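Letters A, B, ... mirror the listed sequences (proteins, then strands); counts begin at 1. Nothing here was measured: the structure is a model prediction, and the numbers come from that model.
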There are 2 protein chains.
Amino acid sequence: MTSATPARPPGRPRSGVNAAVFAATLSTVHELGYAPATVDRIAAAAGVAKTTIYRRWPSKGALVVDCLLDAFGPVPLEGAGRAEVMSSALRWIAAKIGEPGVGDAFAGVFSDAVSDPALREILSTRLQDPYRIALQEALGEPEDRVLFFIDVVVGTLLHRMGMTGEPMVEADVAALAEMVLSYFGDDPGPA
Amino acid sequence: MTSATPARPPGRPRSGVNAAVFAATLSTVHELGYAPATVDRIAAAAGVAKTTIYRRWPSKGALVVDCLLDAFGPVPLEGAGRAEVMSSALRWIAAKIGEPGVGDAFAGVFSDAVSDPALREILSTRLQDPYRIALQEALGEPEDRVLFFIDVVVGTLLHRMGMTGEPMVEADVAALAEMVLSYFGDDPGPA
DNA sequence: CCATTTACGCTACCGTCAGTATCGATACCT
DNA sequence: AGGTATCGATACTGACGGTAGCGTAAATGG
């Protein structure tokens, strides 16, 4: 088997600009917000033609969601009991959202998803699947209850960031996690 | 003193279409979301020329925020202790956001405020003042802590509505209020 | 070397929407 | 009547998301 690379398709291969486009998207949305981060600006920041972006992503929303998924990465689901899994996942999500570029970009995209049905569709199909449903299965809770508590954390973080324009302070994140976990029933356990 | 009416200014008086414009704005934003609710559509639904809207409000964002303030009304701050004031205010806000047209429109506007700095400015100056600061003074808590708990309720409600497209079920609203109040320290007290 | 295939940059373009300008008509006052 | 300010209608500008077409660059196989 010499086909380690699965039979490269003919024609000119794509240049490796995906990383540059992602970086430009993240920083632009981070600095300007979702709406003012126009595709022209992102393309210029990435040193890429606008048409190239639309050849790889069908819309601005799809580009930004892909960029966030790339920056966010998979949520680790570790721990013995429900409370432990919940605790580590919540704290991981909170920490990730608190990172300089990621959180602000996330806030802008979540925001636009509320008023834009098309982007809402992209988000619910591409974001709910990997994270929310994985959490739901790992926790073994009824769907509504799990989604509700995840929303408490994510929604509060993003809303607060949107209103103040800055990430929440660490004390508030810790208080929020503690509040949710105490209501969740079990104690977080060690480590 | 015959000047009960304070010396009406000369010229043709404004027609009383503000109520019709507010109603059209609320229903249009409720049905379509913030972005698809164009000013042309709102004007058509209100039976008013688009130029008339721009003579009374400087921007679409100002119109929608004014419309929401009108629909939302002042938050009642009643009760003896901090916990009682907090409890009644939280439940009142949650109930108001749960109303059919108001909550969905609020979600759309809050959402856009995250990505649109101009609308964020309108919201933070016109919405924070009457509600958040009033609550803060009534509660006598440090600003960050009060704002944080309000954000827990409002942010979670709006985020959940944005992700699912529907208002939260009553059980979740009650659980959220209970969770916040239990963390807040005091017990809510009777009534 | 050459033909083929695909990706890229560039420019021009379309549709939509926020917001502005203008003009004639209308409603109130003195 | 004359003055003043609002209203509706139409037309317009500018920005943005997204598309089309063209010439060119990079890879393949013969």
Q | Residues in side-chain hydrogen bond (donor to acceptor under 3.5 Å, both in side chains) contact with B:Asn18, at least two apart in sequence or another chain | A |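 Partners of B:Asn18 under the side-chain hydrogen bond (donor to acceptor under 3.5 Å, both in side chains) test: B:Arg56.
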
Q: Please list, chain by chain and in numerical order, all residues satisfying side-chain hydrogen bond (donor to acceptor under 3.5 Å, both in side chains) with A:Arg14, sequence neighbours excluded.
A: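 A:Arg14: no side-chain hydrogen bond (donor to acceptor under 3.5 Å, both in side chains) contacts found.
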
Rounded at 0.5 Å granularity, tell me how far [atom1] in [X] sits from [atom2] in [Y].
| X | Y | atom1 | atom2 | result |
| --- | --- | --- | --- | --- |
| B:Ile53 | B:Ile42 | CD1 | CD1 | 6.0 Å |
| B:Arg41 | B:Glu31 | CZ | CD | 10.5 Å |
| A:Leu26 | A:Leu68 | CG | CG | 6.5 Å |

Q) If each of B:Ala49 and A:Thr38 is mapped to the nucleotide of DNA chain D with the nearest heavy atom, which maps nearer the 5' terminus, i.e. the 5' end? A)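 Its nearest nucleotide lies further toward 5', so the answer is B:Ala49.
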
[atom1] of [X] versus [atom2] of [N]: gap in Å, rounded?
| X | N | atom1 | atom2 | value |
| --- | --- | --- | --- | --- |
| B:Leu32 | C:dC17 | CG | C1' | 14 Å |
| B:Arg41 | C:dA18 | CZ | C1' | 13 Å |
| A:Trp57 | C:dC8 | CH2 | C1' | 14 Å |
| B:Ile53 | D:dT6 | CD1 | C1' | 15 Å |
| B:Lys60 | D:dA15 | NZ | P | 19 Å |
| B:Asp40 | D:dT10 | CG | C1' | 12 Å |

Q. Under 3.5 Å, side chain of A:Lys50 to main-chain N/O of A:Ala44, donor-acceptor pair present?
A.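 Judged by distance alone, no pair lies under 3.5 Å.
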
Q: Residues of residues 14-23 of chain A with any non-hydrogen atom less than 4.0 angstrom from an atom of DNA chain C: list those, numerically ordered, please.
A: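 Result for residues 14-23 of chain A: A:Arg14, A:Ser15, sorted by number.
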
Q.
Applying side chain to side chain contact (heavy atoms under 4.5 Å, CB included), can you list everything that pairs with A:Ala49, at least two apart in sequence or on another chain?
A.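 With neighbours one apart ignored, the set is A:Thr51, A:Thr52.
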
Q. Listed by chain and number, what are the side chain to side chain contact (heavy atoms under 4.5 Å, CB included) partners of B:Asp70, not counting sequence neighbours?
A.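 Partners of B:Asp70 under the side chain to side chain contact (heavy atoms under 4.5 Å, CB included) test: B:Phe22.
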
For nucleotides 19-25 of chain D, tabulate all protein N/O to nucleotide N/O atom pairs closer than 3.5 Å, reporting atom names and distance.
{"residue": "D:dA25", "atom": "N3", "partner": "A:Arg12", "partner atom": "NH1", "Å": "3.0"}

